[in-house]
Amino acid sequence: MFLLLLKSFLRSRIAVAGIVIVLLAGITGIFIGQQHIRKQQEAIALTEHFQQEHIQRNAQFFDKELGLLLYYLRFSLVNKLHPLNALSIGQRDVNSSIQSLTIRNLEGQKYDTDLFNPSNLLTGNLDMGFVLIYLLPLLIIAFTYSLLSEEKEDGTWRLVATQSKRPVNVLIRKLFVRMITVLMVFAVLLLLATFILSLPVDKLYLAVICLAFIYMLCWFGISFWVISLQRSSSTNAVILLSIWILLTVVLPGVANNFITSRYPVPESMATVVQQREGYHEKWDMEKQPTVDRFYAHYPQFSKYPLPDKQFSWLWYYAMQQMGDDEAAVQVKQLQEKLRLREQASEYIGYFIPTLHTQQQLNSLAGAGLANQLQFMDSTARFHERMRLYFYPKIFEDEKVKSVDWDMFKVEYFSEEKRVSWGGLLLPLLLVTLVFSVRGWMNFNKRMTAFA
Amino acid sequence: MNISTTKLFAAQIYWNTLKNKALRVLLGIVALLIIYAAFSGALIYQEQTQTRQHYQHEVRTNWEKMPDKHPHRMAHYGYIVFRPKHLLSVFDYGMESFTGNAVFLEAHRQNSANFSEAGFSTGMLRFGEISMSMILQVLVPLVIFFIGFGAIATDRENGTLKMLLSQGATWKEILTGKAIGLLGIAVSVLLFAVVVLLVACLGIAGSQINGDDILRIGTVLLTYTLYFSIICLLTVIISAVSRTAKFSLVILIGIWLTAVVIFPRTAQAIGNFLYHTPSRIAFEAAVEKDLIKKGDSHNPDDPYYKALKDSVLKAYHVQSVDELPFNYGGFQMKEGERLSADIYNQHLAGLLGIYQQQNNVLRLSAIVNPFTALRNLSMAVSGTDFQSYTGFQQQAETYRYALAQHMNDLQIKYISNKKPDDHDHPPSISKAHWKEFPDFAYQRTSLGTVMYHELWSLLALLCWTAGLLLLIKLLSNKLKAI
């Protein structure tokens with residue numbers, strides 16, 4: 001019976017065309033993901049290469065004063081890419097995975113963006129995430145919208161209904177056939193992705209599979225409910241496509257506008273203005289107060305007195321430090337706002353399956369805002385560590401040659417990922433359940449034989 | 001073709017739609033979304049514009065308030081410029097959310113435009129934003145498809161079509177009439193949107209709205225009407241050639257999905273695949289390499305700067321730079337700035353050229369996809385397209401260069417050649433000079449230039465309209481009632 005249903009289903013042209021389109025899009029998506037990862041890795045390899053060269057060349061030119069050399073030297077921190085990032089590019093195309101910083105003030109440097117073509121960002125990436133979130137639901141809709149109505153419109157349903165004690169079981173079996181087919185399509189893509197992208201099969205991988213599986217289930221639930229309304233094929237198609245648009249275009253768009261206007265971030269501009277003033281105004285002020293505030297921040301350096309000269313590196317780096325110190329309030333506010341944005345998005349996502357799936361996929365792939373915020377925190381710690389390493393050497397006027405420059409390799413940040421299964425799957429399961437139960441109730445209440 | 005019969009068909013589809021409860025609800029939702037989009041667009045515009053103007057003003061005030069100092073210090077203090085939003089960004093957000101909003105301009109260094117909305121987004125942004133343009137470009141066509149898929153196919157299914165034709169109505173009258181009726185609905189929505197847009201613009205800009213803005217809104221009205229004509233013609237044609245209404249609906253949905261969802265992404269992905277862009281590090285490394293090849297100002301023994309020095313010393317018949325009648329440090333920096341800016345601009349032009357090549361795949365595809373054509377036109381008219389963005393970047397760079405060179409000139413002219421001792425007061429010039437340097441004033445591209453850039457898209461829309469009209473003419477002789 002099952003095989004028969006499957007065979008007859010796969011004989012239809014629409015089914016085959018749909019499967020082929022999704023498979024092609026999926027394969028394209030896998031290669032686009034691979035291209036993204038390769039480009040990032042090339043950039044990281046270049047960074048590793050140039051850091052050594054850059055340090056060596058500058059150490060040769062500026063071999064007299066350590067303070068001057070460190071004005072120029074850049075040290076890089078890389079936000080490691082998880083192979084899953086190829087499936088969901090997320091925010092990794094707009095936020096740079098590499099931070100190259102001097103020990104001068106941090107706030108003037110850390111927001112520097114990568115080079116990108118804004119048109120690419122606007123149209124969006126054709127990655128596996130897109131195939132899963134946008135295209136697979138369309139495939140599900142195409143497979144199911146006329147599941148019952150078509151038989152009624154062709155007059156075959158009466159025959160089917162009289163042959164079975166519970167006609168709804170026939171329907172569920174038909175639905176099951178389509179579910180298996182869609183899952184197989186996704187499984188094929190996932191298998192290809194696993195090999196082509198050499199994805200590690202671990203807990204995160206399992207989480208992605210579960211997420212994708214339940215997301216698709218969710219759409220079958222929605223479809224089942226629409227079928228249970230027992231309208232004509234055309235009406236079903238209109239309703240299902242409207243739901244699709246609501247979930248992929250309208251609701252996420254409304255939510256995005258809401259977040260943007262509810263949590264605006266003028267603090268970003270305040271930060272850039274403030275850090276610049278905080279540093280530059282010190283050039284025209286008495287030196288001692290600046291240095292005193294520097295001592296207050298780092299008591300361990302108060303043993304280095306301000307040299308009696310027009311210019312000294314102690315004073316210079318104290319001024320730089322003041323840029324960061326005076327923007328600290330705005331920086332904190334900015335981070336707070338971004339965390340609020342992240343949190344609000346997560347809550348809103350609980351009610352919008354598409355949004356939830358995308359956000360969870362991004363966070364599993366280390367490509368969301370949360371990852372970026374952690375990378376920023378890690379950047380700040382990295383910068384502070386470099387500062388504290390070099391400050392005493394600069395203040396003691398150590399020789400450039402006394403530092404072992406080979407020691408400064410590119411460093412890496414990798415996010416510690418935990419999977420909270422409940423938060424990952426429950427919202428989707430709930431939506432699936434609600435729609436399936438409503439659908440079931442509709443069928444129990446009324447099952448008509450005619451269109 | 002009988003005009004009154006055509007009118008009759010148009011009126012029939014128009015009023016039947018408004019009488020249908022489900023369709024009224026659908027149109028009501030669209031209207032509400034338009035209001036929401038206008039409201040949130042205006043809110044975002046206002047919030048962003050106020051913030052940017054506030055800080056732009058603060059930057060200027062601080063600049064003018066700077067005390068007497070060495071001009072090179074001023075060159076490093078630099079300037080921050082903020083990208084002003086176009087009033088019509090209320091209508092079409094375009095690339096606004098993905099482009100940087102503030103650039104720090106300083107001597108020797110071209111910084112990136114930072115703080116884009118996308119950089120601070122949770123990724124939600126990638127689903128797209130609700131803007132009036134999005135509703136009109138994406139949702140309204142689908143609503144038209146939903147309304148019109150059965151315009152002829154249903155009549156065919158229930159036999160009405162046969163009756164109509166036997167009573168003397170011609171195919172041409174039926175097709176044209178129904179298309180006009182659908183267009184009437186679409187244009188009603190469009191007019192509603194334009195009124196809402198005008199109210200929103202008046203609300204935020206008041207009397208500051210100028211003739212250019214009105215002209216742009218007029219262009220929006222015209223181009224969108226053209227787009228909707230294509231949509232409506234397409235709807236009746238598909239409905240006329242389909243055997244059943246269901247089939248017509250499936251085809252129309254397929255067309256919509258291909259044109260709106262799949263095609264643009266694929267075209268852009270192809271562009272991306274064909275033309276590789278360098279990463280930031282590779283780009284900067286290439287600039288640095290060229291610069292070092294030309295002359296490395298950090299290298300005390302660099303042959304280029306050595307030759308420069310020798311030639312200056314020779315021209316002035318002096319032995320050392322201290323004896324020159326002007327500040328040599330400033331002179332050398334001026335030369336360095338010229339070199340580095342030249343090389344940087346060459347590389348940037350190369351990069352923008354690659355971006356343009358990537359975008360061209362999508363741009364050219366407008367001829368087969370009217371959705372892309374309208375999207376490009378709409379963004380361009382709203383000042384939120386790629387050209388507007390690069391225009392801003394270039395103006396910012398021009399300003400940066402002028403600032404750096406102005407400070408170098410001041411140094412050459414007013415700063416002594418004698419190096420100060422450790423205990424001397426550092427050399428400085430009067431703060432009066434800061435005010436002399438004008439504020440950054442962003443020049444918008446004129447509507448004429450914008451339309452010239454988008455001629456291809458306009459042509460695509462015109463071709464489509466003409467093509468479909470021709471198709472209706474051809475089909476009129478071939479279609480059958482059953």
Side-chain angles (χ1 to χ4, degrees), chain A residues 28 32 39 42-43 46-47 50 61 90-91 94-96 98 111-115 117-124 126 134 138 233-234 237-238 241 248-249 252-257 259-261 264-266 268-269 272-273 277 280 283-284 309-310 338 341-342 345 355 358-359 362 368-369, chain B residues 40 43-44 47 51 55 58-59 62 67 69 73 77 80 95 98-100 102 104 112 114-115 117-130 138 146 245-246 249 253 257 261 264-266 268-269 272 277 279-283 285 298-299 351 355 358-359 386 389 422-424 426:
Chain A
T28 313
I32 285 174
K39 192 180 167 190
E42 271 165 30
L46 268 181
T47 311
F50 281 117
F61 290 159
Q91 290 285 90
V94 59
N95 290 327
S96 176
I98 303 168
Y111 304 102
D112 280 356
T113 45
D114 220 331
L115 295 174
N117 179 356
S119 314
N120 289 344
L121 300 181
L122 178 65
T123 36
L126 208 169
Y134 287 77
L138 287 172
S233 297
S234 298
V238 169
L241 196 72
T248 57
V249 179
V254 169
N256 183 64
N257 285 24
I259 297 247
T260 309
S261 50
V265 282
S268 60
M269 306 207 173
V272 66
V273 171
E277 294 302 322
H280 279 279
W283 281 94
D284 308 303
K309 294 195 279 192
Q310 257 314 321
L338 294 181
R341 276 188 170 195
E342 167 72 14
S345 308
L355 196 57
Q358 187 227 36
Q359 284 178 169
N362 278 349
L369 182 61
Chain B
S40 80
L43 208 66
I44 292 169
E47 198 272 325
T51 310
Y55 286 112
E58 192 173 316
V59 164
N62 288 341
K69 57 164 85 188
R73 285 254 52 75
Y77 173 65
I80 303 172
M95 293 176 190
F98 298 96
T99 49
F104 175 47
S112 55
N114 294 340
F115 308 113
E117 193 53 52
F120 292 134
S121 162
T122 55
M124 197 191 257
L125 180 62
R126 303 308 173 92
F127 282 101
E129 299 163 278
I130 294 282
V138 174
F146 284 170
K246 181 186 146 191
L249 178 67
I253 289 177
L257 284 173
V261 182
R265 248 177 231 251
T266 315
Q268 193 70 34
N272 252 344
T277 50
S279 58
R280 188 189 168 106
I281 170 98
F283 179 81
H298 290 157
N299 182 355
L351 183 71
Y355 288 164
Q358 291 186 332
N359 300 346
F386 185 74
Y389 178 60
D422 269 355
H423 297 277
D424 284 346

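So that the names make sense, note that chain A is the first sequence line, chain B the second, and so on, each numbered from 1. Basis for what follows: all heavy atoms, side chains included, without hydrogens, waters or symmetry-related copies. Here the structure is a predicted model, which means the values were calculated and not measured.
Not counting sequence neighbours, B:Tyr355 has no partner by the ring-ring contact (aromatic ring centres under 6.0 Å, His included) test. Scored by the side-chain contact (heavy atoms from CB on, under 4.5 Å) test, B:Glu58 finds A:Val273, B:His54, B:Tyr55, B:Asn62 as partners (sequence neighbours excluded).
Within the 4.5 angstrom heavy-atom criterion, atoms from both the backbone and the side chain of A:Leu121 approach chain B. Contact of A:Tyr134 with chain B is made through the side chain alone, with heavy-atom distances under 4.5 Å. With a 4.5 Å cut-off on non-hydrogen atoms, A:Val265 touches chain B through its side chain but not through its backbone. With a 4.5 Å cut-off on non-hydrogen atoms, B:Leu125 touches chain A through its backbone and its side chain both. With a 4.5 Å cut-off on non-hydrogen atoms, A:Glu342 touches chain B through its backbone and its side chain both. Heavy-atom distances place both the backbone and the side chain of B:Lys246 under 4.5 Å from chain A.
A:Asn257 places a side-chain N or O within donor-acceptor distance of the main-chain N or O of B:Ile130, the cut-off being under 3.5 Å. For the pair A:Gln358 (side chain) and B:Gly123 (backbone), a donor-acceptor distance under 3.5 Å is present. A donor-acceptor distance shorter than 3.5 angstrom exists from the side chain of A:Gln91 to the backbone of B:Ser121, with no hydrogens or angles considered. In terms of modelled atom types and a separation under 3.5 Å, the side chain of A:Asp112 and the main chain of B:Asn114 share no donor-acceptor contact. At least one donor-acceptor pair closer than 3.5 Å links the side chain of A:Arg341 to the backbone N or O of B:Phe120.
Nearest approach of B:Ile281 to A:Ala43, heavy atoms of both residues: CG2-O, 3.6 Å. Of all heavy-atom pairs between B:Arg280 and A:Leu115, the closest is CA-CD1, 3.6 Å. Looking at every heavy atom in both residues, A:Pro118 comes nearest to B:Met95 through CB-SD, 3.9 Å. The shortest heavy-atom contact between B:Ala282 and A:Leu46 is CB-CD1, 3.5 Å. Contact between A:Val94 and B:Gly119 at its shortest, heavy atoms only, is CG2-N, 4.2 Å. Counting all heavy atoms, side chain and backbone alike, B:Phe386 lies closest to A:Ser119 at CD1-OG, 3.8 Å.
Of the N and O atoms on the side chains of A:Asn120 and B:Gln268, at least one donor lies less than 3.5 Å from an acceptor on the other residue.
A:Ile32 contributes atom CD1, which lies 8.0 Å from atom OG1 of B:Thr266 (distance to the nearest 0.5 angstrom). Note that CG of A:Leu241 is 8.5 Å distant from CG of B:Leu249, once rounded to the nearest 0.5 Å.
The candidate with the highest count of non-hydrogen atom pairs below 4.5 Å against chain B, out of A:Asn95, A:Asn256, A:Leu338, is A:Asn256. Listed options B:Val138, B:Asn359, B:Val59 were ranked by heavy-atom pairs under 4.5 angstrom with chain A; first place goes to B:Asn359. The choice from A:Asn362, A:Thr28, A:Ile98, A:Thr260 that makes the most heavy-atom pairs within less than 4.5 Å of chain B is A:Thr260. Ranked by heavy-atom pairs shorter than 4.5 Å toward chain B, the options A:Ser261, A:Ser96, A:Gly90, A:Gly124 are led by A:Gly124.
Proximity of A:Pro252 to B:Arg126: side-chain heavy atoms (C-beta onward) are nowhere separated by under 4.5 Å. Contact annotation: the side chain of B:Phe115 approaches that of A:Val272 to within less than 4.5 Å [non-hydrogen atoms, C-beta and beyond].
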Evaluate the criterion side chain to side chain contact (heavy atoms under 4.5 Å, CB included) for residue pair B:Thr277 and A:Asn117; output intermediate values, then yes/no.
CA-CA 9 Å; B:Thr277 50; A:Asn117 179 356; 5.7 Å; no
